[in-house]
Amino acid sequence: MKALLTKILGDLRRRRVQAIVIFIIVTLTAGVGTLGIEVLNGSSAPFDQAFNQQAGAHLQIAFDGRVVTPDQLAATTTLPDVTASAGPWPGSILPFANGTAKVLLRVLGRADPGGPVDRLQIVAGHWASQPGEVVLTRSFAEASQLSVGSQLTAISRLDKPTLTVVGEVTDIDEADASLQSLQYAWVAPSQVAGLLGPSDHVDYVMLFRFRQAAAAADLQQDTQEIEGALPPRAVANTLTYLVVKQIFTVNSTIILGFLLAFAAFALGAVVLIIANVVTGAVLASYREIGIIKALGFTPGQVVLTFVGQMLIPTLAGCIIGAPIGVLGSIPILNSSYQALNLPATTLVSPLLALSTTIGILVVVSLFATFPALRAGLLKPVAAITKGTAPGPQRRSLLSALLQRLHLPRPLSVGAGDAFARPLRGLLTALAVLIAVATLTFAFGLQSSFQKVTAIPGFFARPDVSITRYGAYPDSTLMQTL
Amino acid sequence: MNTRIELTNVSKIYNGGSKQVGLSDVSLSIPSGQFAAIMGPSGSGKSTLLNLIAGLDRPTSGTVTVDGVSLGGLSEAALARYRRQRLGVVFQFFHLLNQLSVLDNILLPAQLAGMKTATARARARDLLDQLGIAEKAGAYPARLSGGERQRVAIARALVNRPAVLLADEPTGALDSRTGEQVLDLLVEVNRGGQTIVMVTHDAKLAAAYAARVVSLRDGRILDDAQMQPSSGRSVSDLMQLEIKEAGK
């Protein structure tokens, strides 16, 4: 073992440029790979954890208050598949003014933040218990630059009642305000009627948990059961936790796609470089292979000297790269938490970083072993003889072809020599191909995105949109127009 | 004396473009503690013989036995273990590992044999002292003269106190004075009881230093001479033989 280490370290000193290249590219691979795997592992776990902690709703339903009564809705809580429910809470989608900005909020009259479903977590202030108070989601408050004490003006009515923000909460049943534009806002139940405009009506929102809710089909069946228990067209709108979860992980999924693509490119480059370096090292070391065999190195130990030369810089790269990947995953996962209005409690898994490191070491070992086997199988005498007095060099077919084409001599000799060893030539060409593909992917993707988003009407948004709210009489509207 | 090395009807044919005979039906027995020189012109089969004893190559037919163990039945890994435990090899062109220091070159076989680090270092330092190159321990082979390199190669071959020391033209790349110094060293090693098989094409050196000179030509043993005073053979006899063979 010590002899192996002495030989490996000696060879590494001689091949330090190759070792540095391998170290750098493995550091990148381990970093990106670990980052990707941590994001993959962590992107849905916090949602599931928080969903259980806060007793999130499997299904949120907004009922049309003109079609059903609270008593009819209360009967749905006894349906066989329903294990827990909350509501019905009266409310409506109402417009508010925050300075010059106008926003729509789904206002709900809810007496307290707890209960069997959707236990809201107050992160600032207190719950709205009196008229004139409102509680917002933290992500909406942050996005709208509102905080406890700020005021929102209801523009659903001509008298424009003002609400004071008294609390901020995190809510497992809705995504970040940047991803889900219609956010909940909670007021005291007695406040709701005072916010409705002349054309508004009361809706009721109920939250349900079911026995079977793992798949979209289960939830569809549960929705149908509830619809069946109510008058026709009672259900105005539904939202399942699967959709919320999908919105929650959308950022991570996009990032993950990039990360895994880059990790795959980098790993491809690593194995090609390793195979190329070892193939070259074996060809250049015939004499030494013979000498160490004469000294008593077994064929296996000879193979290990070459594999070890690759494993040391690889291990060093993993030791640096994997922790960088872990650290890099924290802000990405934290942003996922924030997207769901959850406190950032990201827990990264060192085991995943270790698995990535082991995976890279195994792949590198494999791709170093194949070309190194040639060294192990060489006969000692043949190795020393070939290494000391190499035989005539094989003539490259490419070189012969280029000569026949009467190309300039430096070109035919240079290009011919490049493929005198076809395997090495192929490995080098593939490594260059991967590098070009990576760069094209990196720059091409960004410019493609820019071009796609620049297409007129891509987001199907009008240039100007005018909505008339109840707070504005016809005269004001005509003046504006 | 016990037989250390025994070759029985050994032939070696190289399968190149044209089949070339390396050794042809050679039988030879070298007792323990003997300093034997294998002599002959280029292509006579000297190095082939040495490679077969070292287990670096396998005979086409016949058996090579060292200390009662037939090398033909050993796997490549077992042959490697055999070399590290029983043999020391000195090559004509030194064959040091250029990326390792002098000390590391000498330590390598000791580490392979599992010698404790402190013992190996002490042994290596001792050999460097004996060979007069103690101050070169940290130097790299490229910085050494030919004589110094061959001393390092000898120290590397001796570090494990091998039962057999094989030397392939150990003075071939050295000037005559340095060559004599190297051979004096080998004689001293032989006095310690180690069996030495030295390949050389220099009859004068063979006769002056070896106790037995085996002459080869075209892969066959031409002459096998004991060089003790009682044998009645002299350097001039050997040189005569060499001149005669060269004239054929």
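Order of the sequence lines fixes the chain letters, A, B, ..., with proteins taken first and strands second; residue numbering starts at 1 for each chain.
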Asker: Which donor-acceptor pairs sit under 3.5 Å apart between chain B and chain A?
Answerer:
unit_1: B:R83; atom_1: NE; unit_2: A:K293; atom_2: O; d: 2.8
unit_1: B:R83; atom_1: NH2; unit_2: A:K293; atom_2: O; d: 3.1
unit_1: B:R84; atom_1: NE; unit_2: A:G296; atom_2: O; d: 3.0
unit_1: B:R84; atom_1: NH2; unit_2: A:G296; atom_2: O; d: 2.8
unit_1: B:R84; atom_1: NH2; unit_2: A:Q301; atom_2: OE1; d: 2.9
unit_1: B:H95; atom_1: ND1; unit_2: A:R287; atom_2: NH1; d: 3.1
unit_1: B:L96; atom_1: O; unit_2: A:R287; atom_2: NH2; d: 3.1
unit_1: B:Q99; atom_1: NE2; unit_2: A:D11; atom_2: OD1; d: 2.3
unit_1: B:Q99; atom_1: NE2; unit_2: A:E288; atom_2: OE1; d: 3.1
unit_1: B:Q99; atom_1: NE2; unit_2: A:E288; atom_2: OE2; d: 3.4
unit_1: B:Q111; atom_1: OE1; unit_2: A:T6; atom_2: OG1; d: 2.9
unit_1: B:Q111; atom_1: NE2; unit_2: A:T6; atom_2: OG1; d: 3.4

Asker: Can you find a pair of side-chain heavy atoms, one from B:V159 and one from B:L107, that are under 4.5 Å apart?
Answerer: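 Result no, sub-4.5 Å side-chain heavy-atom pair not found.
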Asker: May I ask you to test the A:L430-A:L433 pair for a side-chain heavy-atom distance under 4.5 Å?
Answerer: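 Heavy-atom side-chain distance check passes, below 4.5 Å.
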Asker: Which answer fits B:L87, side chain, backbone, both or neither, if we ask what part of it has an atom under 4.5 Å from a heavy atom of chain A?
Answerer: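 No part of it gets close to chain A.
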Asker: At a 4.5 Å cut-off on heavy atoms, which part of B:A77 comes close to chain A: side chain, backbone, both, or neither?
Answerer: both
Asker: For B:D175, what residues pass the side-chain hydrogen bond (donor to acceptor under 3.5 Å, both in side chains) criterion, not counting sequence neighbours?
Answerer: B:T178
Asker: With side chain to side chain contact (heavy atoms under 4.5 Å, CB included) as the criterion, how do B:I5 and B:T65 come out once you've worked through the C-alpha distance, each side chain's angles and the decisive distance to 0.1 Å?
Answerer: CA-CA 6 Å; B:I5 301 163; B:T65 308; over 6 Å; no
Asker: Would you say the side-chain atoms of B:S24 and B:R220 include a donor-acceptor pair closer than 3.5 Å?
Answerer: yes
Asker: I'd like to verify something: which residue of B:A80, B:G55, B:A54 has the highest number of heavy-atom pairs under 4.5 Å with chain A?
Answerer: B:A80
Asker: Considering only heavy atoms, which portion of A:I291 lies under 4.5 Å from any heavy atom of chain B: side chain, backbone, both, or neither?
Answerer: side chain
Asker: Would you please go through residues 263-275 of chain A and name the residues with a non-hydrogen atom below 4.5 Å from one of chain B, in numerical order?
Answerer: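 No residue falls under the 4.5 Å cut-off.
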Asker: Are the side chains of B:V197 and B:F35 in contact, using a 4.5 Å heavy-atom criterion?
Answerer: no
Asker: For the residue pair A:V21 and A:P313, establish whether any side-chain heavy-atom pair is separated by less than 4.5 Å.
Answerer: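 Not in contact.
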Asker: Could you check whether any side-chain heavy atom of B:V21 comes within less than 4.5 Å of a side-chain heavy atom of B:D218, counting everything from C-beta outward?
Answerer: no
Asker: Could you work out, with side-chain contact (heavy atoms from CB on, under 4.5 Å) as the rule, every residue matching B:D129, not counting sequence neighbours?
Answerer: B:A134
Asker: Under 4.5 Å between any side-chain heavy atoms of A:I289 and A:I384, yes or no?
Answerer: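 SC-SC contact between A:I289 and A:I384 ruled out.
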Asker: Count the heavy atoms belonging to other residues, nucleotides or ligands that lie under 6.0 Å from CD of B:E188, then report whether that count exceeds 12.
Answerer: no
